[in-house]
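A short worksheet on the structure shown next.
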Amino acid sequence: MSKKTLPIGIFDSGIGGLTVMQEITRVLPGEDIVYLGDTARVPYGTKSKETVIKYSLENAEFLTSCGIKLLVVACNTASAYALKELSSRVSVPVVGVIEPGASMAVGITRTKKVGVIGTEGTIRSGAYFEAIKKIDSKVVVYLKACPLFVPLAEEGWTDNQVAYLTATAYLESFTEEGIDTLVLGCTHYPLLKRTIKRVLGEDVVLIDSAEATSYEVRRVLTEHKLLRTRSTRGRYKFFVTDSPHRFQYVGARFFNAPIKARLVSIGN
Ligand code: DGL
């Protein structure tokens with residue numbers, strides 16, 4: 001069997017990575033995908049670097065045991081803390097969400113003032129800051145952790161008054177700082193795009209790390225001659241580490257399609 005026909009493996013701390021998977025299915029509709037949501041141990045955004053690395057390696061081990069050709073780290077917190085470890089330990093190419101989002105933002109900003117929002121862990125890690133500075137040291141980066149956006153997105157409260165007031169409290173300072181580009185550095189934030197735009201105005205460009213990552217996945221697959229070109233749609237398998245029920249009903253909203261997931265046990 002050719003390596004090309006193997007699935008892409010994607011993991012996230014839970015449901016959020018489905019936004020990344022959705023973008024990948026849009027850009028690469030013929031690819032098979034195995035998705036793992038670590039729903040028993042979510043959230044990663046408030047956990048220490050050591051813990052996130054441990055969980056990420058265990059997730060990667062499960063996915064590589066399924067036989068994958070490429071690993072996507074959909075979770076921003078896991079990408080921020082564990083990408084280096086993963087890349088050195090996993091035998092297939094590994095794509096994270098930080099660098100694609102950072103490089104898209106640098107390519108788009110005109111004022112060279114870029115905002116980045118994410119979980120506490122992602123912001124504390126400095127990973128987006130470093131990735132942006134590495135591409136263009138002149139870009140000024142404004143960072144802000146927005147932890148309440150995660151439960152709002154899962155609750156479906158993305159367009160109501162609570163979401164608007166929360167977004168205003170978090171994002172107001174960006175307007176004074178004069179950013180023209182904002183990186184949505186968390187799997188859940190694309191669901192709040194409309195509300196974020198209402199607060200920041202139409203002129204601020206929102207960078208969806210999920211979208212940027214899907215182009216990077218296509219580039220890496222092409223580079224490794226692993227791209228699958230066929231006219232039929234790929235098949236998808238979903239695994240979770242806690243009861244599938246919540247993942248399935250909340251996940252259907254994140255993925256815009258019904259989902260059937262299977263329970264697996266990972267770590268100890
Ligand atoms: N998936 C996480 C991220 O993108 C958000 C949820 C969590 O904290 O685990 O950082």
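When a ligand or atom number is given, it counts from 1 through the structure's own listing order.
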H188 N/O under 3.5 Å from ligand 1 N/O: no
Is the closest heavy-atom distance from G14 to ligand 1 below 4.0 Å? no
At under 4.0 Å between heavy atoms, is it the side chain or the backbone of V42 that contacts ligand 1, or both, or neither? side chain
Which of the atoms in ligand 1, numbered in the order shown and given with their element, are less than 4.0 Å from a heavy-atom of G45? 7 (C), 8 (O), 9 (O)
Report, in ascending order of atom number, the atoms of ligand 1 lying under 4.0 Å from any heavy atom of T119. 5 (C), 8 (O), 10 (O)
What part of D12, side chain from CB on, backbone N/CA/C/O, both or neither, has a heavy atom under 4.0 Å from ligand 1? side chain
For C186, the ligand 1 atoms whose distance to one of its heavy atoms is below 4.0 Å: 3 (C), 4 (O), 5 (C)
Between OG1 on residue T77 and CZ on residue R124, distance to nearest 0.5 Å: 9.5 Å
For atom 3 (C) of ligand 1, which candidate among V20, T122, N76, T39 holds the nearest heavy atom? N76
Which segment of T77 sits under 4.0 Å of ligand 1 when only heavy atoms are counted: both
N/O of T46 under 3.5 Å from N/O of ligand 1, yes or no? no
Just heavy atoms, cut-off under 4.0 Å: does P43 contact ligand 1 by side chain, backbone, both, or neither? both
Nearest non-hydrogen contact with atom 6 (C) of ligand 1 belongs to which option: S79, A74, C75, S13? S13
Can you tell me how the ring of F149 sits relative to the ring of Y170, calling it parallel under 30°, perpendicular over 60° and tilted otherwise? perpendicular
